[in-house]
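Reckoned from all heavy atoms, side chains included, excluding hydrogens, waters and symmetry mates. Residue numbers run from 1 in the order of the sequence given. Fair warning: this is a prediction, and the values are worked out from it, not measured in the lab.
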Amino acid sequence: MAHAVDSRNEQGRERRRERASVRRRWWSGWPHWAGYAAAVWSLGYGLAGLYWALGGAGYPFAQAAADRSSGSVLDPSPVAVVAPVMAAVGLVGAVCGLLMARRRCGTGAGRRALLVFGWALAATLVVGVQDYTLIAVLAFAPLLVVFAFTGVPGPQGGVGDILFWHRDNLLILFVGGVLWTLATLAHQRRTGGLCAHCGRGGRAAAWTTPESADRWGRRAVLVSVLSTVPYEVTRVAWFFGYPLGITDAFLEDMQDTPGLLGIGLGLALASVGGAVLTHGLVARWGEVWPRWVPFRAGRPVAPATAIVPALLVSVVAVPGGLMMIRAGNQPFGWGTNYPAMLWVVWGAALGAATLAYYLRRRGTCGHCAQG
C-alpha cells in the first residue's frame, strides 16, 4: 500500500517537472518566436485600422463621453487621419516582423532601418499612446474581481464601466509593444554578433559588472522608494480627514462617495508594500528566501520572481506619470496630480534597479554558455 502511494507521488512529481520544463522551453525560446508574434499582432491591428478607415464601427480613439474619455494622446483623434496610419504601420510592421524572425537585413542600412522602426514602434505602443490605464489595471486587478460581484464604488455601474473599449484597446496596444520590444531586442543582438538570449558576446562594459551594478542599483532603489512618498502621504492624510494638497470641498466629495477613500488608502499601502519589495532588489532576502517563508526558506530566489513583476511595474508607471504631467494643474489642488507626476521618476528608477538586479543575478547562459 505504501509502495503504491509513493509510486503515485513520484509520478505526480514527474508530471509537474515535465510541465515546468515545457514552460521553460516555451519562454526560453522567445528570440525565435517574438518576431513572428510581432508580425501577427501588427497584421491583425493593421487590418483593424483598415476596417476603421473604411468606415467600420468601433474606432477606439473617437470622441467619447466625458466619463469614458481616456487620457491617451490619441483621444480623441479623427478616424480619417489616424486609422489609415494604423493600417499602414500595421502592414509595414507585419513585413518587418517577418524579416526579423527570418533573420534578414542583418547588416548595413537594412539593419538600421529595422531597428529604428522596431524600437520606435515599441516605445510608442508601450509608453507614447498610453495613459494611467495600465497602472490602474495592475493596481486594481484583485479588486476588479471583487467589483464584479459587489459593484464599483461611486457612480459606475460595474466593471464594464471601468474596462470599456477605449481602455481595453490600450491594453491591446501594450501587448503589441511588448512583442515588438522582444522582437527588436532579439534582432539587434543577433545581428550585432551577440547571444540573442543573454546579450553576451562582446566586451562587457564596466557598468554591467556585478560590483558596479550593485553600487548604482542601490542608488536607483533609493530614488524609486523616495519618489512614491508624496503619493502615499497625501492618500493616507485624505483617509484620516486631512485635506493635504486638496480643497476642503473635494475632500468632502470623496468622503460622500462610499469606499473611495478606502481605495486610496489601499493604494497607498500597496505602494508602501511595493517599496519594501523594491528593497529586496539590493537585499540578501531578495536572493535567498528568508526563514519565515514556508516551504521556500533558505532556497535561492529565482531571478524571474523579482525581475518580472518589478519590470512590469516600472513600465506601466511611466505613462501614468506622463499623463499626469500632461493634465497639469487641477482646480482641486496640487495633491491630485503632482504626487503622481513622480511616477515617471519611480518607473525609471525601478527599471534601473531591476536591470542592476538582473546583472548581478544572471548566471551562465544555457544557450551560449557564457557568464
Checklist entry - Which value, rounded to the nearest 0.5 Å, describes the distance between L115 atom CG and M100 atom CE? => result 6.0 Å
Checklist entry - Can you tell me if N337 uses its side chain to pair, donor with acceptor, with the backbone of G328 under 3.5 Å? => result yes
Next on the checklist: Tell me if a side-chain donor or acceptor on Q130 pairs with a main-chain N or O of S72 at a distance below 3.5 Å.
Outcome noted: no
Item to check | CA sep, side-chain torsions, deciding dist, call: I325, V344, side chain to side chain contact (heavy atoms under 4.5 Å, CB included) | outcome: CA-CA 9 Å; I325 293 174; V344 175; 4.0 Å; yes
Checklist entry - Where is the tightest heavy-atom contact between S271 and T228, given as atom of each residue plus distance? => result OG-CB, 3.6 Å
Item to check | Centroid-centroid under 6.0 Å between Y231 and W346 rings | outcome: no
Item to check | Y45 and W41 aromatic centres sub-6.0 Å | outcome: yes
Item to check | Student check: side-chain heavy atoms of L281 and L350 closer than 4.5 Å | outcome: yes
Checklist entry - Taking it one step at a time, do W238 and L265 satisfy side chain to side chain contact (heavy atoms under 4.5 Å, CB included)? => result CA-CA 8 Å; W238 299 351; L265 177 64; over 6 Å; no
Checklist entry - Is any side-chain heavy atom of F332 closer than 4.5 Å to a side-chain heavy atom of D253? => result no
Checklist entry - How are the rings of W216 and W207 set relative to one another: parallel (under 30°), tilted (30 to 60°) or perpendicular (over 60°)? => result tilted
Next on the checklist: As an exercise, state the distance from NE2 of H197 to NE2 of H367, rounded to the nearest 0.5 Å.
Outcome noted: 3.5 Å
Next on the checklist: Tell me if a side-chain donor or acceptor on T184 pairs with a main-chain N or O of T181 at a distance below 3.5 Å.
Outcome noted: no
Item to check | pair V318-W343: side-chain heavy atoms closer than 4.5 Å | outcome: no
Item to check | Closest heavy-atom pair and its distance - S227, V345 | outcome: CB-CG1, 4.1 Å
Item to check | Within-4.5 Å side-chain heavy-atom neighbours: F117 and L114 | outcome: no
Checklist entry - Does R103 reach the main-chain N or O of R190 with its side chain, forming a donor-acceptor pair under 3.5 Å? => result no
Checklist entry - Taking it one step at a time, do R360 and E287 satisfy salt bridge (charged side-chain N to carboxylate O under 4.0 Å, His left out)? => result CA-CA 10 Å; R360 290 192 299 105; E287 301 180 18; 2.6 Å; yes
Checklist entry - Quick one: does S224's side chain have a donor or acceptor within less than 3.5 Å of a partner on A349's backbone? => result no
Checklist entry - Does W180 reach the side chain of S42, with side-chain heavy atoms less than 4.5 Å apart? => result yes
Checklist entry - If you group Ile, Leu, Val, Met, Phe, Trp and Tyr by side-chain heavy-atom gaps below 4.5 Å, do V313 and L277 land in one group? => result no
Checklist outcome for this item: Heavy-atom nearest pair, R111 first then Q188, reads NH2-O, 3.1 Å
Next on the checklist: On a heavy-atom basis, which atom in Y36 and which in H32 lie closest, and how many Å separate them?
Outcome noted: CD1-O, 3.4 Å
Checklist entry - Same hydrophobic cluster for V116 and L91, using side-chain heavy-atom links shorter than 4.5 Å among ILVMFWY? => result no
Checklist entry - Can you check whether S77's main-chain N or O pairs, donor with acceptor, with Y59's side chain at less than 3.5 Å? => result yes
Checklist entry - Any donor and acceptor pair, going by atom type alone, linking the side chain of S212 with main-chain N or O of T209 inside 3.5 Å? => result no
Checklist entry - Are the side chain of R362 and the backbone N or O of P303 linked by a donor-acceptor pair below 3.5 Å? => result no
Checklist entry - Going through the checks in order, is the side chain to side chain contact (heavy atoms under 4.5 Å, CB included) test met by Q255 and F239? => result CA-CA 8 Å; Q255 291 171 336; F239 180 82; over 6 Å; no
Checklist entry - Taking it one step at a time, do V282 and Y357 satisfy side chain to side chain contact (heavy atoms under 4.5 Å, CB included)? => result CA-CA 7 Å; V282 292; Y357 180 87; over 6 Å; no
Checklist entry - Could you state the interatomic distance from CG (L170) to CG (L74), rounded to the nearest 0.5 Å? => result 8.5 Å
Item to check | Straight-line distance of M341 CE to M323 CE, nearest 0.5 Å | outcome: 11.0 Å
Next on the checklist: Test of understanding: clusters of I, L, V, M, F, W, Y form through side-chain heavy atoms closer than 4.5 Å, transitively. Do V308 and L138 belong to the same one?
Outcome noted: no
Next on the checklist: Does R102 have more than 12 heavy atoms from other residues, nucleotides or ligands lying within 6.0 Å of its CZ?
Outcome noted: no
Item to check | Aromatic plane relationship, H279 with W285 - under 30° parallel, 30 to 60° tilted, over 60° perpendicular | outcome: tilted
Checklist entry - CG/L261 to CG/D256 distance, rounded to the nearest 0.5 angstrom? => result 9.5 Å
Checklist entry - Out of curiosity, does L47 fall in the hydrophobic cluster containing V79 (side-chain heavy atoms, cut-off under 4.5 Å, transitive links)? => result no
Next on the checklist: Please determine whether side-chain hydrogen bond (donor to acceptor under 3.5 Å, both in side chains) holds for the pair R167 and Y132, giving the CA-CA distance in whole Å, both sets of side-chain angles, and the decisive distance to 0.1 Å.
Outcome noted: CA-CA 10 Å; R167 290 177 175 173; Y132 69 101; 2.4 Å; yes
Next on the checklist: Nearest 0.5 Å, please: how far is CD1 in I246 from OG1 in T234?
Outcome noted: 8.5 Å
Next on the checklist: Please give me the minimum heavy-atom distance between Y358 and C198, naming the atom from each residue.
Outcome noted: OH-O, 3.7 Å
Item to check | Minimum heavy-atom distance W52-A57, with the two atoms named | outcome: NE1-O, 3.3 Å
Checklist entry - W119 versus L185: any side-chain heavy-atom pair under 4.5 Å? => result yes
Checklist entry - Quick check: does any side chain N or O of Y51 sit under 3.5 Å from a backbone N or O of G46, one acting as donor and the other as acceptor? => result no
Checklist entry - Would a distance-only check, ignoring hydrogens and angles, find a side-chain to backbone donor-acceptor pair under 3.5 Å from R200 to C195? => result no
Checklist entry - Would you say F240 and V229 are hydrophobically clustered, going by side-chain heavy atoms of ILVMFWY under 4.5 Å? => result yes
Checklist entry - Got R104 and H187 here, is their nearest side-chain heavy-atom distance under 4.5 Å? => result no
Checklist entry - Can you tell if the side chain of L342 reaches within under 4.5 Å of the side chain of P230, non-hydrogen atoms only? => result yes
